[in-house]
Number of protein chains: 2
Amino acid sequence: MRSEEAGEDKDYVQSLVRGLEVIRTFSQYKPRMTLSEVAQHAGLTRAAARRFLLTLVREGYAETDGKYFSLRPKVLDLGFSYLSSLPMWEVAQPIMRDVVNALHESCSLSVLDGQDIVYVARVPTERVMTIGLSIGSRLPAFCSSMGRVLLAGLPPTELAVFFDRVKLERRTERTVATMVALKDAIDTTRRQGWALVDQELEMGLRSIAVPVRNRRSEVLAALNVSTHEGRSSLEVMKTRFLPELLDAAQRISASLPQ
Amino acid sequence: MRSEEAGEDKDYVQSLVRGLEVIRTFSQYKPRMTLSEVAQHAGLTRAAARRFLLTLVREGYAETDGKYFSLRPKVLDLGFSYLSSLPMWEVAQPIMRDVVNALHESCSLSVLDGQDIVYVARVPTERVMTIGLSIGSRLPAFCSSMGRVLLAGLPPTELAVFFDRVKLERRTERTVATMVALKDAIDTTRRQGWALVDQELEMGLRSIAVPVRNRRSEVLAALNVSTHEGRSSLEVMKTRFLPELLDAAQRISASLPQ
DNA sequence: CGAAAATGTTCGTTATACGCACAAATCTGG
DNA sequence: CCAGATTTGTGCGTATAACGAACATTTTCG
């Protein structure tokens, strides 16, 4: 049953997409589901959902107790294929640990994916956000320091696409709320080479980020330190955090394979 | 073209399995590949590999520059479905950070998958292993402290399956090398409720682990602290690290949803 | 305990996915 | 710079993988 959404039908493997959708339906709120629940949430017929689930079980990606299905750690291999293919894989984490040792704040690395930043490495200290953050976590790019840095590093045409699609949904009263203000913030980030976001993502949360570049000066990822307003002033972030971050980013860049 | 390996052919979705295999072929050593390379490494015809790659690109899991294909961060969503469905998701990391603050050593959480442990959370400090470790990384269960703990918590029939398949491949001269010695180590672990592994996985590396249980006392995961032989004696690991770990594991267990 | 709901299974059908073969584009060595 | 080698793009006939409806069976629940 071809759908128009596929566009070029002849090179589209619908069964793969459906199977991936089955994996994606599992979540913190749906850690395990019956066959009918999976079918409903993944938008499949019960028979199709059953075939996908049984296939995932056979291949070790999922398991069942006879009634409920849940994912197995083998699914992490898929994400690990991506993580281990990152050029800064292997070198970033020790350098990030040095940052944490120096500043006693959480340090993270992320990349841009559509409207979001996605965490690819993290050395946590004090919990700084209400929600737990982990490799694979996503946050909106427009109101995060790493997002501002990644957006500032986009070629103009890609940035234009981002602006076309972004929805400026406030997370706090301080969240940037107009396109003019967002563009100005990104311009400022591009000019000064770093971004500082103060309580736009969550009240109390402050973070400062810098770009990690490859040898062609393209922005590959963003590196940040995040803290709580009660622990670090904006001044301390600029005078102590920023130099450490710039140094760490430079060290990561210098360690990249050619 | 049905293959005998599928067994129950009628409930097996071969296209899903092939597509997942395409994702899995990317790695640190093959961060990007041409179409023909993917076909070769994934064991597919060039036409099939092409359809899968184009489908992954369409859905945002991969990208291409017109010649080379590479994975995109959206693949991390798949692993994140699994991570976020873990019962200790959200509560483990802050507690692990407390452990790191108290002991100044790396703390990790892992689950068992076949012959391996798979890292599901990590608060790193000093780099303790030669290879970088991250969420999704795998290590052999038989010669790691977390592996010993997870194996000790297996029901007898599952442990028997593990013994049937395990290959005791030495990683150092100290690696346990006989089934008798391995079984004794696991029995000891079960009896004392923790495992200490000293330079079996890698020279210089020491780690101590305890089980994280649910309310029915089933072992869900293992929690460890790892250090270097030069930094911590075996005595310090037992007298300082172990109490902190037991306390942390208990706090994680107490925080699990019902 | 019976009705409702969920799951298992069969099977006819179709369209999904296949792979071969040829065209086109790219690369490389002389 | 060009010809041959290699790789990729694509069409298309075909096979069968995957589909889903319908019915059987099992499980759940009031």
Side-chain angles (χ1 to χ4, degrees), chain A residues 1-26 29-59 61-72, chain B residues 1-26 29-72 258:
Chain A
M1 49 291 287
R2 276 179 180 159
S3 60
E4 290 180 327
E5 77 195 9
E8 292 170 273
D9 293 351
K10 58 182 175 57
D11 294 324
Y12 192 74
V13 185
Q14 192 161 44
S15 295
L16 170 60
V17 174
R18 287 175 169 173
L20 295 176
E21 204 52 40
V22 166
I23 293 175
R24 293 172 67 91
T25 59
F26 289 86
Y29 309 104
K30 293 180 301 240
R32 57 183 208 145
M33 286 183 278
T34 65
L35 166 60
S36 298
E37 285 170 339
V38 171
Q40 182 183 12
H41 287 111
L44 297 171
T45 64
R46 194 172 54 77
R50 181 170 183 274
R51 286 192 294 270
F52 287 116
L53 285 169
L54 291 182
T55 302
L56 290 171
V57 170
R58 272 186 68 87
E59 295 299 319
Y61 293 99
E63 68 191 341
T64 180
D65 62 5
K67 181 178 170 68
Y68 289 100
F69 291 85
S70 51
L71 294 178
R72 283 204 50 78
Chain B
M1 48 294 285
R2 274 178 183 161
S3 61
E4 290 182 325
E5 75 196 8
E8 291 171 271
D9 291 350
K10 56 183 176 57
D11 295 324
Y12 191 72
V13 184
Q14 193 161 45
S15 295
L16 170 60
V17 174
R18 288 176 169 170
L20 295 176
E21 203 53 39
V22 165
I23 294 175
R24 293 172 68 90
T25 60
F26 289 86
Y29 307 104
K30 293 178 302 223
R32 59 185 208 139
M33 286 183 278
T34 65
L35 166 59
S36 297
E37 285 170 339
V38 171
Q40 182 183 14
H41 287 112
L44 298 171
T45 64
R46 194 172 52 76
R50 180 167 183 274
R51 286 191 295 270
F52 288 117
L53 285 169
L54 291 182
T55 302
L56 289 171
V57 170
R58 272 185 68 86
E59 296 297 320
Y61 293 100
E63 68 191 342
T64 183
D65 63 5
K67 180 179 171 71
Y68 289 102
F69 291 86
S70 50
L71 294 178
R72 283 204 51 75
Q258 182 56 14

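Each chain gets a letter, A, B and so on, in the order its sequence line appears, and its residues count up from 1.
For the pair B:Phe52 CZ and C:dG19 C1', the interatomic distance rounds to 13 Å; values are reported in whole Å. As a whole-Å value, the separation of B:Leu53 CG from D:dT10 P is 15 Å. Atoms CG (B:Leu54) and C1' (C:dA17) sit 14 Å apart, rounded to a whole Å. The separation between A:Gln14 atom CD and C:dA17 atom P is 6 Å, rounded to whole Å. Rounded to a whole Å, the CG atom of B:Leu35 is 17 Å from the P atom of C:dA25. Computed from coordinates, the B:Arg46 CZ to C:dC22 C1' distance equals 11 Å when rounded to whole Å. The distance between atom CG of A:Asp11 and atom C1' of D:dC12, rounded to the nearest whole Å, is 13 Å. The distance between atom CG of B:Leu16 and atom C1' of D:dA18, rounded to the nearest whole Å, is 12 Å.
Atoms CD and CZ, from B:Glu21 and B:Phe52 in turn, are 11.0 Å apart once rounded to the nearest 0.5 Å.
Regarding contacts with the backbone of C:dC18, a side-chain N or O of B:Arg51 is found under 4.0 angstrom from either OP1 or OP2. Regarding contacts with the backbone of C:dA5, every side-chain N or O of A:Ser36 stays at 4.0 angstrom or more from both OP1 and OP2. Residue B:Ser15 places at least one side-chain N or O closer than 4.0 Å to OP1 or OP2 of D:dA18. Between B:Thr45 and C:dG19 there is a side-chain polar atom (N or O) within less than 4.0 angstrom of OP1 or OP2. Contact between the side-chain N/O atoms of A:Arg18 and the OP1/OP2 oxygens of D:dC19 is found at a separation under 4.0 Å.
When the nearest nucleotides of DNA chain C are assigned to A:Gly66 and B:Leu44 by heavy-atom distance, the more 5′-ward of the two goes with A:Gly66.
Put simply, the side chain of B:His41 reaches to within 4.5 Å of the side chain of B:Met33, judged on heavy atoms. The side-chain heavy atoms of B:Tyr12 and A:Glu59, taken from C-beta on, include a pair separated by under 4.5 Å. In this structure, the side chains of B:Leu53 and B:Thr64 stay at 4.5 Å or more apart for every pair of heavy atoms.
Counting distance only, with no hydrogens placed and no angle test, the side-chain atoms of A:Arg50 and the base atoms of D:dG20 include no donor-acceptor pair under 3.5 Å.
The side chain of B:Ala48 lies closest to C:dG19, out of D:dA22, D:dA18, C:dG19.
With hydrogens and angles disregarded, no donor-acceptor distance shorter than 3.5 Å links the side chain of A:Thr45 to the backbone of A:Ala39.
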